[in-house]
**Student:** 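To start, I am sharing the structure in question, which I have written as structure tokens.
Throughout, a chain's letter reflects where its sequence line sits, starting with A, and its residues are numbered from 1. The figures here come from the full heavy-atom set of this structure, side chains too, leaving out hydrogens, waters and symmetry mates. Remember, predicted model here, so these are calculated numbers, not experimental data.
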Number of protein chains: 2
Amino acid sequence: MNKLNKKVEYALMALKHFSEGDDTTVSAKDIAEATHSPAEVTARVLQTLSSHGILKAEYGLHGGYRLAKDLSKVSVYELMNIVDGSTDLAKCLSDKECDLLKNCTIVTPVENLNKKVQDFYKSISIEEVFNV
Amino acid sequence: MNKLNKKVEYALMALKHFSEGDDTTVSAKDIAEATHSPAEVTARVLQTLSSHGILKAEYGLHGGYRLAKDLSKVSVYELMNIVDGSTDLAKCLSDKECDLLKNCTIVTPVENLNKKVQDFYKSISIEEVFNV
DNA sequence: CAATAGGCGACTAAATTAGTCGTATATATT
DNA sequence: AATATATACGACTAATTTAGTCGCCTATTG
Ligand code: SF4
Ligand code: SF4
């Protein structure tokens with residue numbers, strides 16, 4: 001429970017790479033090599049980050065990605081949502097699919113805790129995570 | 001990612017039940033019925049809570065459990081650790097088993113974020129979660 | 001000593017997460 | 001225009017984690 005998944009970790013690795021390099025485009029393959037992560041998965045993560053405006057993709061012979069957004073302006077919450085789809089603390093908060101939902105005694109407490117957690121993640125920027 | 005697991009949810013349900021009732025002992029079976037959760041799993045969760053001093057178990061004919069600790073003194077962090085074993089944000093922080101560890105570029109950032117998250121969870125009491 | 005209730009280990013099933021493969025599309029260079 | 005390089009996407013398989021079950025043992029009350 002509570003573990004970051006690999007996609008989020010690969011995203012962090014990639015963003016760290018970009019934030020540390022100069023502003024040249026870097027291909028998905030290069031990122032995968034630099035971060036020792038599986039090329040296909042990394043490529044997919046970069047595409048997602050690009051489609052959400054965190055990175056900018058460039059096609060062609062010397063194409064690749066570059067940072068499109070100041071990482072001090074991107075929250076951990078935003079990154080998790082982009083890469084993983086949801087940051088909700090329980091199933092019922094997004095899908096409404098939990099079997100217990102109609103009898104559940106803790107929906108309100110969970111909603112309450114969920115809000116706290118998400119506000120917390122919104123308050124932390126990626127830059128802040130990198131610069132200890 | 002980031003979802004509470006069922007054991008933690010069952011624990012919350014049980015604790016809510018105890019915190020709302022009077023101070024009589026309640027059997028695992030009764031808790032399971034009241035919370036619509038699987039009896040065996042619930043029993044196990046209650047045993048764990050008991051062995052960590054959150055509940056007090058009583059054997060015998062009219063045995064069961066009762067609250068042993070003020071829920072305003074029990075943090076979400078503590079509960080998660082007791083019921084789930086760990087609240088660490090990444091494998092390497094507890095097991096040191098991640099394949100990427102020797103090449104990982106984000107160990108420090110992840111440690112950094114992990115500390116923030118755990119401090120946050122330490123700052124919230126169960127009582128606070130229940131009383132919105 | 002029977003009935004009731006907690007305690008524990010090992011197992012199976014279900015769901016989620018991680019990783020792979022194949023193919024299509026876009027564009028800078030030649 | 002051809003080609004090499006790189007992004008984009010869908011569908012699939014494998015691995016891991018989570019959830020739930022079963023059977024048997026131990027303690028205490030009445
Ligand atoms: S809070 Fe209740 S309804 Fe929502 S997912 Fe958890 S158990 Fe299901
Ligand atoms: S932070 Fe790096 S080493 Fe730690 S678990 Fe994530 S990938 Fe593995």
Side-chain angles (χ1 to χ4, degrees), chain A residues 1-11 13-14 24-33 35-52 54-66 68 80 83-86 88-91 94-95 97-100, chain B residues 1-11 13-14 24-33 35-52 54-66 68 80 83-86 88-91 94-95 97-100:
Chain A
M1 198 187 74
N2 235 41
K3 295 261 181 303
L4 296 176
N5 66 25
K6 286 291 176 195
K7 284 199 290 186
V8 170
E9 289 196 326
Y10 296 151
M13 289 175 190
T24 52
T25 61
V26 187
S27 72
K29 201 181 146 213
D30 288 348
I31 293 281
E33 270 169 25
T35 61
H36 295 84
S37 53
E40 290 86 354
V41 178
T42 300
R44 206 65 89 90
V45 169
L46 295 175
Q47 286 161 30
T48 308
L49 290 174
S50 161
S51 75
H52 285 83
I54 311 286
L55 298 177
K56 169 104 181 55
E58 280 173 36
Y59 276 80
L61 210 54
H62 298 294
Y65 298 90
R66 73 176 70 218
M80 286 176 166
V83 176
D84 199 54
S86 159
D88 285 324
L89 220 53
K91 236 182 170 178
S94 11
D95 309 356
E97 266 181 16
C98 179
D99 297 336
L100 295 173
Chain B
M1 196 186 76
N2 235 41
K3 296 263 180 300
L4 297 176
N5 65 25
K6 287 292 176 194
K7 285 198 291 186
V8 170
E9 290 197 324
Y10 296 150
M13 289 175 191
T24 52
T25 60
V26 187
S27 73
K29 201 181 146 213
D30 288 347
I31 293 280
E33 269 169 27
T35 60
H36 294 85
S37 53
E40 290 86 356
V41 178
T42 299
R44 206 66 88 91
V45 168
L46 295 176
Q47 285 163 29
T48 309
L49 290 174
S50 161
S51 76
H52 285 83
I54 311 286
L55 299 177
K56 170 102 182 55
E58 281 174 34
Y59 276 81
L61 209 52
H62 297 294
Y65 298 91
R66 71 176 72 219
M80 285 176 166
V83 177
D84 199 53
S86 158
D88 285 324
L89 220 52
K91 234 179 170 178
S94 9
D95 308 358
E97 266 181 15
C98 179
D99 298 336
L100 294 172

**Student:** Is there a side-chain polar atom (N or O) of Tyr65(A) under 4.0 Å from OP1 or OP2 of dA8(D)?
**Tutor:**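 Checking Tyr65(A) against dA8(D): at least one side-chain N or O falls below 4.0 Å of OP1 or OP2.
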**Student:** For the residue pair Arg66(B) and Thr24(B), what are the closest heavy atoms and their distance?
**Tutor:**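 What the structure gives for the nearest pair is CB-O, 4.3 Å.
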**Student:** To the nearest 0.5 Å, what is the distance between CG (Asn2(B)) and CG (Leu89(A))?
**Tutor:** 6.5 Å
**Student:** Please tabulate the protein-to-nucleotide N/O contacts below 3.5 Å involving nucleotides 10-18 of chain C, giving atom names and distances.
**Tutor:**
residue	atom	partner	partner atom	Å
dA10(C)	N6	Arg44(B)	NH2	3.4
dT17(C)	OP1	Met1(B)	N	2.9
dA18(C)	OP1	Lys6(A)	N	2.8
dA18(C)	OP2	Lys6(A)	N	3.3

**Student:** Could you tell me the separation between the OG atom of Ser51(A) and the CG atom of Leu46(A), rounded to the nearest 0.5 Å?
**Tutor:** 11.0 Å
**Student:** Donor-acceptor check, side chain of Thr25(B) to backbone of His62(B), threshold 3.5 angstrom: yes or no?
**Tutor:** yes
**Student:** Quick check on contacts: within residues 25-33 of chain A, what sits under 4.0 Å from DNA chain D by heavy-atom distance?
**Tutor:**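 Heavy-atom contacts with DNA chain D come from Ser27(A), Ala28(A).
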**Student:** Whole-Å distance between dA28(C) C1' and Leu61(A) CG?
**Tutor:**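 One finds 6 Å between C1' of dA28(C) and CG of Leu61(A), rounded.
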**Student:** Where each residue is assigned the nucleotide of DNA chain C containing its nearest heavy atom, which of His62(A) and Tyr59(A) is assigned the position nearer the 5′ end?
**Tutor:** Tyr59(A)
**Student:** Need one value for Gly60(A): base, sugar-phosphate or nothing, where a base atom within 4.0 Å counts as base even if backbone is also close, heavy atoms only.
**Tutor:** base
**Student:** In whole angstroms, how far is the P atom of dT7(D) from the NZ atom of Lys56(A)?
**Tutor:** 12 Å
**Student:** Could you tell me whether the side chain of Lys3(A) and the main chain of Met1(B) form a donor-acceptor pair under 3.5 Å?
**Tutor:**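 No: the side chain of Lys3(A) does not pair with the backbone of Met1(B).
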**Student:** Take the protein atom CD of Gln47(B) and the nucleotide atom P of dC8(C), then report the distance between them rounded to whole Å.
**Tutor:**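 It works out to 6 Å between those atoms.
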**Student:** Which of these nucleotides, dA8(D), dA4(D), dC22(D), is closest to any side-chain atom of Glu40(B)?
**Tutor:** dC22(D)
**Student:** Ignoring hydrogens, what is the shortest heavy-atom contact between Ser50(A) and Tyr65(A)? Give both atom names and the distance.
**Tutor:**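 Between these two residues, the closest heavy atoms are CB-CE2, 3.7 Å.
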**Student:** What's the separation between atom CG in Leu49(B) and atom OG1 in Thr42(B), rounded to the nearest 0.5 Å?
**Tutor:**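 It is 10.5 Å, given to the nearest 0.5 Å.
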**Student:** Can you give me the closest heavy-atom contact between Asn5(A) and Val8(A), atom names plus distance?
**Tutor:** OD1-N, 3.0 Å
**Student:** From Glu9(B) CD over to Thr35(B) OG1, what is the distance, rounded to the nearest 0.5 angstrom?
**Tutor:**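 Going from CD on Glu9(B) over to OG1 on Thr35(B), the span is 11.0 Å.
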**Student:** Once you round it to whole Å, what is the distance between P of dC8(C) and CG of Leu46(B)?
**Tutor:** 13 Å
